[in-house]
Amino acid sequence: MHDSSPPPPRILLAEDDLTLRRTVKLNFEREGWFVIEAENGEEALQMAKEHYLDAAVLDVMMPKMDGFTLAGKIREKDQGVPIVFLTAKTLKSDIIEGFKIGADDYITKPFNSEELLYRV
């Protein structure tokens with residue numbers, strides 16, 4: 001007999017702050033998500049190319065490639081994957097830029113973990 005339950009949803013979490021990344025990962029795993037972690041934009045892009053994604057949570061200010069550039073590259077591969085920016089960039093112009101690139105949501109730090117889960 002085999003388990004016919006669907007696979008857990010897969011989320012890309014790109015965040016260079018290790019403590020924050022671990023905390024957010026743990027929260028998603030508690031909700032049954034499979035989390036693919038990346039500590040910089042280049043690593044996140046590689047993960048996005050290698051894995052099917054149900055969603056992506058991206059920091060904007062990361063080493064090697066910023067989240068806005070990364071989101072654009074993810075959108076080239078998959079127009080439908082939901083993208084949420086999780087960032088300290090709070091200027092209206094940054095928020096508008098995020099939505100122009102194709103973000104589905106834009107959450108500023110500090111943030112509420114439960115709110116992030118519900119938004120995703």
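Since the model is a prediction, treat every value here as computed from it, not as a measurement.
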- [ ] Take Lys109 and Leu20, measure what side-chain contact (heavy atoms from CB on, under 4.5 Å) needs, and give me the verdict at the end.
- [x] CA-CA 10 Å; Lys109 298 174 185 176; Leu20 179 58; 3.6 Å; yes

Report task. Mind running side-chain contact (heavy atoms from CB on, under 4.5 Å) on Asp16 and Arg21 for me, showing each step along the way? Result -> CA-CA 7 Å; Asp16 61 324; Arg21 190 171 71 243; 5.6 Å; no

Requested in this report: Output, in order, the C-alpha distance, side-chain angles, deciding distance and verdict of salt bridge (Lys or Arg N to Asp or Glu O under 4.0 Å) for Asp59 and Lys64.
Outcome: CA-CA 12 Å; Asp59 186 8; Lys64 300 189 180 179; over 6 Å; no

Please determine whether side-chain contact (heavy atoms from CB on, under 4.5 Å) holds for the pair Arg75 and Ile101, giving the CA-CA distance in whole Å, both sets of side-chain angles, and the decisive distance to 0.1 Å. CA-CA 8 Å; Arg75 281 279 177 255; Ile101 288 167; 5.6 Å; no

query = Given Val57 and Glu15, is the side-chain contact (heavy atoms from CB on, under 4.5 Å) satisfied, shown in steps?
reply = CA-CA 8 Å; Val57 174; Glu15 168 62 58; over 6 Å; no

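Looking at Asp78, its side chain never comes within 3.5 Å of a backbone N or O of Ile74 through a donor-acceptor pair. In this structure, Asp66 contributes its side chain and Val60 its backbone to no donor-acceptor pair below 3.5 Å. Remark: side-chain polar atoms of Arg22 are not paired, donor with acceptor, to backbone N or O of Asp17 under 3.5 angstrom. With hydrogens and angles disregarded, no donor-acceptor distance shorter than 3.5 Å links the side chain of Lys25 to the backbone of Glu37.
Counting all heavy atoms, side chain and backbone alike, Leu12 lies closest to Ala38 at CD1-CB, 4.5 Å. When every heavy atom of Asp94 is checked against every heavy atom of Phe68, the shortest pair comes out as O-CZ, 3.4 Å. Taking both residues in full, the closest heavy atoms of Ala55 and Val120 are given as CB-CG1, 4.1 Å, listed atom of the first, atom of the second, then distance. The minimum heavy-atom distance between Gly32 and Pro8, with the atom names listed, is O-CB, 3.0 Å. Leu53 approaches Ile11 most closely through the heavy-atom pair CD2-C, 4.5 Å. When all heavy atoms of Ala71 and Phe85 are compared, the pair lying nearest together is CB-CZ, 3.6 Å.
In the hydrophobic clustering of this structure, Phe111 groups with Val35; members are Ile, Leu, Val, Met, Phe, Trp, Tyr whose side-chain heavy atoms approach within less than 4.5 Å, directly or through other members. Tracing side-chain contacts under 4.5 Å through hydrophobic residues (I, L, V, M, F, W, Y), one reaches Leu117 starting from Leu13; they form part of the same cluster. Under the 4.5 Å side-chain heavy-atom criterion for ILVMFWY residues, a single connected hydrophobic cluster contains both Ile83 and Leu45. Ile96 and Leu58 are members of different hydrophobic clusters when ILVMFWY side chains are connected at heavy-atom separations under 4.5 Å. Residues Met62 and Ile36 fall within the same hydrophobic cluster, defined by Ile, Leu, Val, Met, Phe, Trp and Tyr side chains chained together at heavy-atom separations under 4.5 Å.
Here the CD1 atom belonging to Ile107 is positioned 11.5 Å from the CD1 atom belonging to Ile95, to the nearest 0.5 angstrom. In this structure, the separation between CZ on Phe99 and CG on Asp105 is 5.5 Å, given to the nearest 0.5 Å. For the atom pair CD (Glu31) and CG (Leu26), the distance works out to 10.5 Å, reported to the nearest 0.5 Å. Taking NZ of Lys49 as the start and CD of Gln46 as the end, the distance is 6.0 Å to the nearest 0.5 Å.
By the 30° and 60° cut-offs, the orientation of the rings of Trp33 relative to Phe28 is perpendicular.
Within a 6.0 Å sphere centred on CD of Glu114, heavy atoms belonging to other residues, nucleotides or ligands number 12 at most. Other residues, nucleotides and ligands contribute at most 12 non-hydrogen atoms within 6.0 Å of the NZ atom of Lys73.
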